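What follows is a set of notes on a single structure, which appears directly below.
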Amino acid sequence: ALKNLSSYNADSVPSAEGLRFGIVVSEWNTEITEALYTGAKETLLKFGASEKDIIRRNVPGSFELTLGAQLLAERKEFDAIICIGVVIQGETKHFDFICEAVGQGITNLNIKYNLPVIFGVLTPNTMQQALDRAGGVHGNKGDEAAITAIKMAALKNELEG
Ligand code: DLZ
């Protein structure tokens, strides 16, 4: 019953040609975040984005995704920003604090900048669950984040002209 994160109806995805994307990547659990980044970037390219219009910046951990995205948003150069990270449930409450902070932080950026800032963050219980969603049996959350970025950027352009 689980949705495959890499499956979408290509007919419903607008062209990404001419759109500019910022991607902020957390360096925590790079095995996962690099796979998510690759999925996101390849999906943007597949739908017509140019290599030169995809700008990547790294941040140390998922907690820092919000500020990383804000610094890119301040440049007013992007049609959408994708935040990529993975927070794995541990034995302490760290997981809850980080997930709550980055979820709320990214939500606030959407509103503050009137800009699609996409939550490409996995929050699994185990490393295997993360691998399953970073190009494994459940697809790649990076693909899903890229499709969401394209759709939201196109919606904004359509409604705002
Ligand atoms: C400290 C920490 C822990 C325990 N776990 C994760 C994690 O699973 N995923 C992640 O992206 N970052 C983690 N971090 C680092 C925090 O996001 C942050 O970088 C530090 O708390 C410094 O602010």
Side-chain angles (χ1 to χ4, degrees), residues 1-8 16 19-46 49 51 53-153:
L2 284 167
K3 173 177 159 53
N4 186 300
L5 295 159
S6 296
S7 66
Y8 49 80
L19 298 179
R20 295 153 304 164
F21 299 93
I23 306 183
V24 191
V25 183
S26 162
E27 292 173 337
W28 196 277
N29 294 309
T30 50
E31 179 188 358
I32 303 297
T33 58
E34 289 303 320
L36 299 179
Y37 169 73
T38 300
K41 184 176 177 186
E42 286 180 357
T43 302
L44 295 176
L45 293 173
K46 179 176 170 183
E51 187 96 33
D53 289 330
I54 302 172
I55 304 299
R56 171 185 175 155
R57 290 292 182 270
N58 284 4
V59 293
S62 292
F63 187 83
E64 287 76 37
L65 286 171
T66 304
L67 180 56
Q70 171 161 306
L71 292 169
L72 288 183
E74 291 279 1
R75 288 168 55 162
K76 302 193 188 308
E77 293 172 4
F78 300 104
D79 294 289
I81 294 171
I82 299 170
C83 297
I84 285 179
V86 56
V87 193
I88 299 177
Q89 178 76 274
E91 293 180 355
T92 70
K93 286 178 72 70
H94 220 97
F95 175 90
D96 303 286
F97 286 120
I98 296 173
C99 292
E100 171 74 20
V102 71
Q104 197 56 56
I106 289 175
T107 301
N108 291 343
L109 292 182
N110 278 268
I111 308 306
K112 178 177 173 186
Y113 291 94
N114 197 29
L115 177 73
V117 182
I118 310 303
F119 188 77
V121 181
L122 288 172
T123 57
N125 290 321
T126 65
M127 177 58 92
Q128 187 57 52
Q129 289 176 340
L131 290 165
D132 290 346
R133 291 159 180 78
V137 293
H138 297 310
N140 189 326
K141 182 137 184 96
D143 296 353
E144 182 211 46
I147 295 294
T148 306
I150 296 168
K151 285 185 172 179
M152 290 306 294

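Ligands are counted one by one from 1 in listed order, and the atoms in each one are counted from 1 as well. Remember, it's a predicted structure, so these values are computed and weren't measured experimentally.
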Item to check | Partner of I82 by side-chain contact (heavy atoms from CB on, under 4.5 Å), out of T148, L44, V24, I54 | outcome: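 In the set T148, L44, V24, I54, the residue that makes a side-chain contact (heavy atoms from CB on, under 4.5 Å) with I82 is L44.
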
Next on the checklist: So, applying side-chain contact (heavy atoms from CB on, under 4.5 Å) with I23, which one of I84, I118, I55 is it?
Outcome noted: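 The residue from I84, I118, I55 that satisfies side-chain contact (heavy atoms from CB on, under 4.5 Å) with I23 turns out to be I84.
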
Checklist entry - Purely on distance, is any nitrogen or oxygen of V86 under 3.5 Å from one on ligand 1? => result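 V86 vs ligand 1: N/O contact under 3.5 Å present.
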
Checklist entry - Mind checking whether I98 has an N or O less than 3.5 Å away from an N or O of ligand 1? => result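 Such a contact does not occur with ligand 1.
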
Backbone N or O of [Y] within a donor-acceptor pair of the [X] side chain at under 3.5 Å?
X   : Y   : result
R75 : L71 : no
T33 : S26 : yes
R20 : E77 : yes

Within ligand 1, which atoms have a heavy atom of [X] less than 4.0 Å away?
X   : result
G61 : 11 (O), 17 (O), 19 (O)
V87 : 7 (C), 8 (O), 9 (N)
E64 : 18 (C), 19 (O), 22 (C), 23 (O)
H94 : 1 (C), 2 (C), 3 (C), 4 (C), 21 (O)

Checklist entry - Who's closest to atom 10 (C) of ligand 1 heavy-atom-wise, of W28, F63, F95? => result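 Closest candidate by heavy-atom distance is W28.
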
Next on the checklist: Which option wins on minimum heavy-atom distance to atom 8 (O) of ligand 1: V59, I32, T123, I88?
Outcome noted: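 Looking at heavy atoms only, the winner is I88.
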
Checklist entry - Can D143 and T43 be counted as having a side-chain donor-acceptor contact under 3.5 angstrom? => result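 Note: D143 and T43 side chains meet the donor-acceptor criterion.
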
Next on the checklist: Among all the protein's non-hydrogen atoms, which is closest to atom 11 (O) of ligand 1, and how far away is it?
Outcome noted: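 Here the nearest protein heavy atom works out to S62 OG, 2.7 Å.
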
Checklist entry - Heavy atom of S26 under 4.0 Å from ligand 1? => result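 In this structure, S26 qualifies as a contact of ligand 1 - some heavy atom is under 4.0 Å.
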
Checklist entry - Y8: what forms a ring pair (Phe, Tyr, Trp, His ring centres under 6.0 Å) with it, not counting sequence neighbours? => result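 Y8: ring pair (Phe, Tyr, Trp, His ring centres under 6.0 Å) contacts with F47.
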
